[in-house]
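Notes follow the structure.
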Amino acid sequence: MPLIAIALAALAVTFEQLIQWKFGAMGIIGLVALTVGVKAKSATIGGVGAVILLMLLAQSG
């Protein structure tokens, strides 16, 4: 069980660093808002985070 937790934590940190490298500070803000919205079961905050990430993805493509 601890091995799975360590692997998931490493994956999360890697994903966060990838988002920050590709999209900068606004990508981290969007990712944090999406994560907080999902954990708090707040559709508004999660929606704002999702929209930020979608706008960044649309801009880069």
Side-chain angles (χ1 to χ4, degrees):
M1 187 65 157
L3 183 61
I4 294 172
I6 291 171
L8 286 175
L11 184 65
V13 169
T14 303
F15 182 69
E16 183 179 331
Q17 290 297 320
L18 179 66
I19 293 290
Q20 186 174 10
W21 170 73
K22 180 105 172 132
F23 301 115
M26 202 61 175
I28 292 297
I29 291 170
L31 184 63
V32 167
L34 181 62
T35 305
V36 168
V38 168
K39 297 240 183 223
K41 296 182 180 170
S42 172
T44 304
I45 296 173
V48 166
V51 167
I52 290 171
L53 290 174
L54 284 173
M55 296 294 280
L56 288 171
L57 284 171
Q59 192 177 43
S60 69

Flag side-chain contact, heavy atom, 4.5 Å: Q59 against L56: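 With C-beta onward as the side chain, the pair touches.
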- Query: Between E16 and L31, which heavy-atom pair has the shortest distance, and what is it?
  - Reply: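 Nearest pair, atom of E16 first, then L31: CA-CD2, 4.2 Å.
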| said: Give me the atom names and distance for the closest heavy-atom approach of A33 to G49. | reply: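 Taking every non-hydrogen atom into account, CB-CA, 3.7 Å.
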**Request:** Just do the side-chain contact (heavy atoms from CB on, under 4.5 Å) check on F15 and I19 with the steps written out, would you?
**Result:** CA-CA 6 Å; F15 182 69; I19 293 290; 3.9 Å; yes
**Asked** Can you get from L57 to I29 by hopping between Ile, Leu, Val, Met, Phe, Trp and Tyr side chains that sit under 4.5 Å apart?
**Response**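 Same cluster: L57 reaches I29 through Ile, Leu, Val, Met, Phe, Trp or Tyr contacts under 4.5 Å.
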Nearest 0.5 angstrom please: L11 CG to I6 CD1, how far?
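L11 CG to I6 CD1: 13.5 Å, rounded to 0.5 Å.
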